[in-house]
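What follows is one structure encoded as C-alpha cells, with my remarks underneath.
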Amino acid sequence: MIHNNYWDERYWQQKSWKYGELLLIWQDTAGDAGLWQLFLPGCGPKNLPSEQQFNPLTCSDKLHWKETAVDELLNRDSILKLPAAKKDIFCSWQRFTTFETDILARLGQVPAGKVISYGALANWAGYPRAARAVGRLMTKNPFPLFYPCHRVIQADGRLGNFGGGTELKRQLLKTEGVLFSPAEKVSPSSRLKKSLKLPSL
DNA sequence: CCGAGGGCTTGTT
DNA sequence: GAACAAGCCCTCG
C-alpha cells in the first residue's frame, strides 16, 4: 500500500446534485470521522485513486451514518436550508485557525434568502477590516453549500467571484429568493439585517 | 448615474 | 518578511 498523506484515511465519492456532479472527500479516522471537503461541480482534483473510493460496506458506522444523512440532504435539496446548529455535525473541523473558525461559524448563520458582504461578515465576526482576508478564505472554503459562501457578495451589491462560477452563484441566490435590481445587483432588502440575534461563539 | 484607478487593509502561506 | 487575494472606499472624469 502506497503511503500518501492526503489520501491516508480519506475516501472520495461523487454525488449527483441539482446543478451538477459534486465531489465529496470523507475522512474516516477513529477520532474524526466526517466530511473533509466538498467540491462544487468542476472544482475538484482530477485524478482520484480508485482504491480510495468511498465504500459504505467497509467504512465506520459513524461515517456511514453521516454519509446517509448527507445523501438525503442532497436528494431532497434541503442542504441549503440546513440550520446552523446542524452543519458542524457533518463537517470535520480539526484543521482551522481561529480566524477561519470564527468566520465560517458566522457564515453558517446566514440564512437562505439573505446575503452579506465580505466586509460585513468580517466585521460581524470581530475582524473589522478583514474583508479581503475573508475573500481569501472563501476561495478555499472546504464546505460550500454547508457553509454558504455563495451568500457573500460585494459591498455594492455585485456578486463577486465564486468557485463554481458566478452564474451558479446567481442561480443559487435566485432559487433561495434573493431579489435583484434591474442592473443585476442584489437589492438592499435581501441583505442580512444587523439586528439579528446571534449566539455567542 | 456610472466606471476606472489608486491606496489602504487583513490573515495566511 | 514578502507576496497574495472571491474587498473597500474615495476620487475623479
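So that the names make sense, note that chain A is the first sequence line, chain B the second, and so on, each numbered from 1. Below, each value reflects all heavy atoms present in this structure, side chains not excepted, and no hydrogens, waters or symmetry copies.
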| Can the positive tip of A:Lys174 be found less than 6.0 Å from the middle of the six-membered ring of A:Phe180, inside 45° of the ring normal? |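 Because its charged atom sits under 6.0 Å from the ring centre and within 45° of the axis, A:Lys174 does stack over A:Phe180.
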Rounded to whole Å, please give me the gap between [atom1] in [X] and [atom2] in [N].
| X | N | atom1 | atom2 | answer |
| --- | --- | --- | --- | --- |
| A:Arg95 | B:dT12 | CZ | P | 14 Å |
| A:Leu104 | B:dG11 | CG | P | 15 Å |
| A:Asn123 | B:dT10 | CG | P | 13 Å |
| A:Trp124 | B:dT10 | CH2 | C1' | 20 Å |
| A:Gln154 | B:dC2 | CD | C1' | 15 Å |
| A:Phe96 | B:dG11 | CZ | P | 18 Å |
| A:Ile103 | B:dT12 | CD1 | P | 10 Å |

| Electrostatic pair A:Glu176:A:Lys114 at N-O distance under 4.0 angstrom |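 A salt bridge is absent here (no side-chain N lies under 4.0 Å from a carboxylate O).
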| field | Cationic N near anionic O, under 4.0 Å, A:Asp71 to A:Lys15 | value |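 The answer is yes: the pair qualifies as a salt bridge.
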| message | Heavy atoms only, 4.0 Å cut-off, all strands: where does A:Phe99 land among base, sugar-phosphate and nothing? | response |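 It contacts sugar-phosphate atoms only.
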| said: Taking 4.0 Å as the cut-off, does a side-chain nitrogen or oxygen of A:Thr97 come that near to OP1 or OP2 on B:dT12? | reply: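 Yes, because at least one side-chain N or O of A:Thr97 sits under 4.0 Å from OP1 or OP2 of B:dT12.
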| Sub-4.0 Å heavy-atom contacts from residues 158-185 of chain A onto DNA chain B, ordered by number |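 Of all residues in residues 158-185 of chain A, none places a heavy atom under 4.0 Å from DNA chain B.
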| query | In the strands shown, is C:dC10 matched to any nucleotide by a Watson-Crick or G-U wobble pair with both distances under 3.5 Å, and which? | reply |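 B:dG5 is the nucleotide pairing with C:dC10.
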| message | At a heavy-atom distance below 4.0 Å, what parts of residues 126-145 of chain A sit against DNA chain C? | response |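 Contacts with DNA chain C under 4.0 Å: A:Ala131, A:Arg132, A:Gly135, A:Arg136, A:Met138, A:Thr139.
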| task | Kindly assign one of parallel, tilted or perpendicular to the pair A:Phe162 and A:His150, based on the angle between their ring planes and the thresholds 30° and 60°. | result |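 A:Phe162 vs A:His150 ring planes: perpendicular.
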| Relative to the ring of A:Tyr147, is the ring of A:Trp93 parallel (under 30°), tilted (30 to 60°) or perpendicular (over 60°)? |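 Correct class here is perpendicular.
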| said: Quiz question: by atom type and distance under 3.5 Å, do the side chains of A:Tyr19 and A:Thr175 form a donor-acceptor pair? | reply: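 A:Tyr19 vs A:Thr175: donor-acceptor pair found between side chains.
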| Within the 6.0 Å centroid threshold, strictly below: A:Tyr118 and A:Trp124 |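 No, the ring of A:Tyr118 stays outside the 6.0 Å limit from the ring of A:Trp124, centre to centre.
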| message | Hydrophobic cluster membership, with links at side-chain heavy-atom distances under 4.5 Å among I/L/V/M/F/W/Y: are A:Val134 and A:Phe143 in one? | response |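 Same cluster: A:Val134 reaches A:Phe143 through Ile, Leu, Val, Met, Phe, Trp or Tyr contacts under 4.5 Å.
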| Does some side-chain heavy atom of A:Tyr127 sit less than 4.5 Å from a side-chain heavy atom of A:Ile103? |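 A:Ile103 vs A:Tyr127: side chains touch.
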